[in-house]
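We use all heavy atoms of the structure for the numbers below, so side chains are in, but hydrogens, waters and symmetry mates are not. Both counts, for ligands and for their atoms, begin at 1 and track the order of listing. If you read the sequence from its start, that first residue is 1, and numbering goes on from there.
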Amino acid sequence: MNRPTDAHNFTQASTIAGTTDGYMPGFGNDFETEALPGALPQGMNSPQKCNYGLYGEQLSGTAFTAPSHQNERTWCYRIRPSVKHSHRYTKIDLPYWKSAPNVDPDVISLGQYRWDPVPHSDQSLTWLTGIYSMTTAGDVNTQVGMATHIYLVTESMVDSYFFSADSELLVVPQEGRLRFCTELGIIDVEPQEIAVIPRGLVYRVEVLDGPARGFVCENYGQKFELPGRGPIGANCMANPRDFKAPVAAFEDREVPSTVTIKWCGQFHETQIGHSPLDVVAWHGNYAPMKYDLRTYCPVGAILFDHPDPSIFTVLTAPSGQPGTANIDFVLFRERWMVAEDTFRPPWYHKNIMSELMGNIYGQYDAKPKGFIPGGMSLHNMMLPHGPDKNAFEGASNSNLGPEKLDNTMSFMFETRFPQHLTAFAANEAPLQDDYIDCWDDIEKKFDGTPGKK
Ligand SMILES: [Fe+2]
């Protein structure tokens, strides 16, 4: 290898471009990070004695024997091992956080539904008490399916911690800013960003700007991964470098603390005498992450027609059946519409998948009215849906020049399983009783005349 004779020929970067303070870039990378110098063992995982008197511990997010490209685990070097962060358990009730199967005999899940944003109340709510389930699908006990929730959070958790053994959580803020203080570091999120919190990871949620409102997809199944791009190639859609994992951060706090655990759909509490967020250093690929939705590079039709909405998939959680996701997280954001002689909004359709949508901001092209920021809609398995009359007539008669679809960001949690409404979604959340009527005034145009449009 040729080496320069004069080292001054090189200019070394003084900063790393694009690196955000406190985060490490790359989806599913094999990260390493330490909050104290020398805390992370080098060259091995389990030294006879760890530096600083730390305990080594592995957190396995997949079975030991999962295929290499899916195998995820992280080695933690912590003040106390996790066995000291849990004691005897008592059951508690969080009545609004439901898990599948949750089929309410008094609720009709068959239908097209839409909700206004759930308003904040005077109640003081934390991440635990402020989660309200909207739908559930599959079965938490067999680690299949998902649930969708909204959160209304006004208060930070204090000396209170949580983990879900049931699920990975995908958090989509719509209002306010949250801080996830996790065992593996700190993640701050705001609207237009998302956070993904792995199964089993202990954390506390603080409110940075409140009240906070947003959406959660609780994934009971296999972890979210990046969708295969196929012929699109190596770039666009969600790029791996835009996902950020936190650097190590820890608390050494000796105060009475509560850890709440979600396990098989039930909630349990255990009391300990210190903070469980005591990981001083870690390495591995099982980590929380955040992603800025503004970095999502949409790909679409550039001559005519448009691809299926799966072209906008940000993350996918596979099921056992290839190409048929347990969950797809799909983003409808600003983009140019250029297709010629084409009906450009989403077409009318029925789908084996069940689609729960949420509006982060702006206006959605298939529903110019009624689907507002903070609001949701549900188009369940094999139920028809599509543009309302205004959207249809507008798109059928508009001048088809290049058009920027601006001021719009909505998303979809789509699952292969039917979604069952909770009693909260059916009876307490602000359901729009007239949503089904939005297609009433669509006209019959056909009268047998050829060439009529
Ligand atoms: Fe759809």
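In this structure, Y364 and F371 have perpendicular ring planes: the angle between them is above 60°, well past the 30° mark.
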Verdict with supporting geometry, D116 and Q432, side-chain hydrogen bond (donor to acceptor under 3.5 Å, both in side chains): CA-CA 7 Å; D116 285 328; Q432 298 176 4; 2.7 Å; yes
Derivation of the side-chain hydrogen bond (donor to acceptor under 3.5 Å, both in side chains) call for S275 and Y161: CA-CA 8 Å; S275 167; Y161 304 88; 3.3 Å; yes
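Taking 4.0 Å as the cut-off between side-chain N and carboxylate O, E225 and K223 do not count as a salt-bridged pair.
By the criterion of a separation under 2.8 Å, the protein N/O/S atoms near the Fe ion (ligand 1) amount to H349 NE2, E355 OE1, E355 OE2, H385 NE2.
When the side chain to side chain contact (heavy atoms under 4.5 Å, CB included) test is applied to P198, the partners found at least two apart in sequence or on another chain are L201, Y286, P288.
The nearest pair of heavy atoms linking T62 to Q70 is CG2-O, 3.2 Å.
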